[in-house]
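Right, one structure below, let's go through it.
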Amino acid sequence: MGRYRSIERTQRRGKALDRTIAILLVVLGLTGTLSLLPSHAQSSVGRLACQIGSLGLSNCIDSTAEAAARSLAPAQCRTLARLDEVIPEAQVTSLTTASGVPLTWSTTRSGEDRLRFAADAEVPDLISGQGRSLSDPTAGVTLTMPSEWFLPGGQGGQELVEAIDAEHRRWVQQRSALALLSGVLDSSGWEIPEPTILRSHQDPRVSPLPTATGQDEPPRPKSGRWLAIDTDRSAEVSVNTITAQSNLTVPLQGELDGEDITGRLRWTINSVGEITEVVIGFTTAQDPFAEDASEEDADGAENAATPSGPAAADALTDVVYLSIPVRTRDERQVTLDWLTREGGVMIDLGTAMSTQVPAAEDRFGSFLARSATIVSLTYTGVSVGAADAQLGEQFALDERGPWEEADLVEARQMDPQPVRVSRDVTTDEGCTG
């Protein structure tokens with residue numbers, strides 16, 4: 001009897017070993033077959049197996065994308081570093097969350113990063129009653145278009161990405177066979193925060209300041225160099241709910257020595273309603289610092305404007321930035337008087353861009369001379385129209401991204417002069433080296 005039982009145990013062990021070997025062979029066969037499939041098919045099979053094994057309680061997606069703060073190298077030259085204080089240069093990278101939501105991460109040298117969804121979506125006119133459009137970039141996730149989050153020091157980006165993925169995971173779990181148990185197992189507690197930078201288009205004649213009253217336009221300066229508000233194009237308001245700072249950007253149109261020019265005017269208001277900065281930008285094919293570009297040059301040829309169509313290889317286009325910090329109560333009053341002048345804003349470029357001392361009775365011109373920093377970047381390979389479109393995007397997003405199709409050939413700067421003496425235009429050779 002004992003011998004019979006011993007033989008029976010040996011047979012059972014043999015059968016178990018045979019089944020184990022058979023299972024291993026099947027697994028090896030499936031693994032070998034799976035390895036022959038394309039990578040996307042391998043991922044699909046793996047997710048299917050995961051979802052079956054977890055009874056639908058897991059979305060079985062890859063780990064959350066890393067959204068860590070990045071760093072930029074120092075600015076190439078002093079002029080570009082100064083421009084960073086006005087409209088900072090940014091490195092823009094794309095990332096996709098594990099649940100499939102596309103985002104862009106914008107990094108600046110100052111550390112005031114931004115994370116955006118659908119950055120190129122149309123901005124609504126909230127004042128006239130238009131609502132923000134919604135998008136479902138992945139199942140269970142609804143975001144406004146566009147959405148933008150301000151990340152001081154680059155902090156909070158990873159949490160935002162994880163919140164988006166958690167929202168999708170919650171949607172998957174609620175449709176599982178164990179949906180009642182999913183509420184217990186999902187302890188992440190993530191909620192997608194509301195966007196912290198809010199934008200709206202509006203009619204430039206309807207603004208926090210009466211910049212265009214509908215009355216007669218103010219007289220144009222005799223210099224033939226001026227900019228005024230273009231009421232045919234939309235203005236844009238942006239509000240940062242973290243810093244409680246708002247920007248109002250209005251389009252400009254004007255003339256520079258016979259050339260029609262366009263640009264932007266932006267003023268910044270702090271949390272207590274005080275104007276803290278004014279920035280003016282415009283594009284031109286003329287030399288913006290020329291004292292009288294209408295006169296013939298040394299060869300007797302007139303200085304003709306470059307067409308705004310496709311740029312010739314050797315055509316020069318200047319993008320000009322005037323930054324005016326407003327620090328004191330007197331400066332705020334001078335600025336406010338200028339912004340609310342009868343008939344609307346008029347920028348006398350003949351005075352603003354001149355190296356000469358402005359007239360004593362010109363309060364705003366004198367303020368510009370002692371406070372404004374002017375940076376002019378000269379490019380080749382780009383038309384004035386394309387440069388204006390790029391300038392508009394810079395003002396809208398408050399950052400300067402890469403401009404691959406244009407070559408920077410010269411960078412000039414005019415510094416403010418606190419005393420009543422003439423100003424100088426300097427060329428920064430380090431910007432083009």
Side-chain angles (χ1 to χ4, degrees), residues 72 75-77 79-93 104-116 118-123 146 148 150 197-201 204 227 229-230 233-240 245-254 261-268 277-285 288 308 311 317-325 347 372-408 410-413 431:
L72 272 70
Q76 184 176 348
C77 58
T79 299
L80 295 180
R82 176 62 185 88
L83 189 55
D84 267 352
E85 300 174 13
V86 183
I87 300 181
E89 182 181 4
Q91 174 185 332
V92 180
T93 55
T104 55
W105 183 293
S106 176
T107 302
T108 63
R109 292 186 180 87
S110 63
E112 295 183 348
D113 294 7
R114 290 169 172 81
L115 197 61
R116 299 186 178 100
D120 57 349
E122 182 178 356
V123 177
E148 186 171 358
F150 179 67
I197 297 181
L198 308 177
R199 302 186 185 278
S200 171
H201 277 155
L227 283 166
I229 291 179
D230 182 0
R233 294 188 291 166
S234 295
E236 182 170 306
V237 178
S238 66
V239 179
N240 188 321
Q245 176 177 288
S246 60
N247 291 327
L248 177 60
T249 302
V250 295
L252 300 175
Q253 63 176 351
I261 60 174
T262 54
R264 305 294 186 281
L265 164 65
R266 183 187 76 191
W267 60 87
T268 301
E277 184 185 46
V278 174
V279 179
I280 302 166
F282 66 94
T283 59
T284 177
S308 59
T317 297
D318 277 71
V319 183
V320 184
Y321 307 84
L322 294 83
S323 61
I324 312 158
I347 304 162
T373 298
I374 305 175
V375 171
S376 178
L377 304 180
T378 305
Y379 295 93
T380 60
V382 63
S383 69
V384 174
D388 178 71
Q390 182 80 355
L391 182 70
E393 184 175 335
Q394 292 175 1
F395 271 70
L397 298 180
D398 193 24
E399 66 182 31
R400 295 178 295 114
W403 201 358
E404 298 178 355
E405 66 271 21
D407 294 322
L408 179 63
E410 187 176 41
R412 292 177 290 174
Q413 180 169 322
C431 298

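Quick caveat, the model's predicted, so the values are computed rather than measured. Position 1 is the first residue of the sequence; numbering continues from there.
At least one donor-acceptor pair closer than 3.5 Å links the side chain of Thr317 to the backbone N or O of Val382. Judged purely by atom type and a 3.5 angstrom limit, Arg233 has no side-chain atom pairing as donor or acceptor with the backbone of Val250. The closest donor-acceptor contact from the side chain of Arg109 to the backbone of Leu72 lies at 3.5 Å or more, if one exists at all. Remark: the backbone N or O of Glu89 is paired with a side-chain donor or acceptor of Asp84 at under 3.5 angstrom.
Looking only at atom types and distance, the side chain of Tyr321 has a donor-acceptor partner in the side chain of Gln394 under 3.5 Å away.
Gln390 places none of its side-chain heavy atoms less than 4.5 Å from the side chain of Thr283. When side chains are defined from C-beta on, Arg114 counts as touching Asp398, because their heavy atoms get closer than 4.5 Å. When side chains are defined from C-beta on, Arg412 counts as touching Thr378, because their heavy atoms get closer than 4.5 Å. Side-chain atoms of Trp267 and Ile324, non-hydrogen and from C-beta on, never get closer than 4.5 Å to each other.
Partners of Ser200 according to the side chain to side chain donor-acceptor pair (under 3.5 Å) rule, which considers only residues two or more places apart in sequence or in another chain, do not exist here.
Residue-environment remark: CD (Glu122) stays at or below the threshold of 12 foreign heavy atoms within 6.0 Å.
Here the closest non-hydrogen pair linking Arg199 and Ser238 is NH1-CB, 3.4 Å. Contact detail for Ser376 and Pro288: the closest heavy-atom pair is OG-CG, 3.6 Å. When all heavy atoms are compared, the tightest approach of Ser246 to Val239 is CB-CG2, 4.0 Å. A pairwise comparison of heavy atoms in Pro251 and Ser234 identifies CD-O, 3.6 Å as the closest pair. Counting all heavy atoms, side chain and backbone alike, Ala235 lies closest to Leu248 at CB-CD1, 4.4 Å. Nearest approach of Ser106 to Ala90, heavy atoms of both residues: OG-CB, 3.4 Å.
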* Assess whether side-chain contact (heavy atoms from CB on, under 4.5 Å) is satisfied between Trp403 and Leu377, documenting all intermediate values. => CA-CA 12 Å; Trp403 201 358; Leu377 304 180; over 6 Å; no
* Would Glu399 and Val92 count as a side-chain contact (heavy atoms from CB on, under 4.5 Å) if you check the C-alpha gap in whole Å, the side-chain angles of each, and the deciding distance to 0.1 Å? -> CA-CA 10 Å; Glu399 66 182 31; Val92 180; 3.7 Å; yes
* After noting the C-alpha distance and the side-chain angles of Phe395 and Val279, does the key distance pass the side-chain contact (heavy atoms from CB on, under 4.5 Å) rule? -> CA-CA 9 Å; Phe395 271 70; Val279 179; 3.7 Å; yes
* To do: Decide yes or no on side-chain contact (heavy atoms from CB on, under 4.5 Å) for Asp388 and Arg264, but give the supporting numbers first.
  => CA-CA 9 Å; Asp388 178 71; Arg264 305 294 186 281; 3.1 Å; yes
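The structure places CG of Asp318 at 7.0 Å from OG1 of Thr284, a figure rounded to the nearest 0.5 Å. Here CG of Leu322 is found 8.0 Å from CD1 of Ile347. Values are rounded to the nearest 0.5 Å. Taken to the nearest 0.5 Å, the CG atom of Leu252 stands 8.5 Å off from the OG1 atom of Thr262. For the atom pair CG (Leu115) and CZ (Phe150), the distance works out to 13.0 Å, reported to the nearest 0.5 Å. Separating the OG1 atom in Thr380 from the CD atom in Glu410 is a distance of 11.5 Å, to the nearest 0.5 Å. The CD1 atom of Ile87 lies 13.0 Å from the OG1 atom of Thr108; values are rounded to the nearest 0.5 Å.
Salt bridge status for Glu277 with Arg266: present, with a side-chain N to carboxylate O gap under 4.0 Å.
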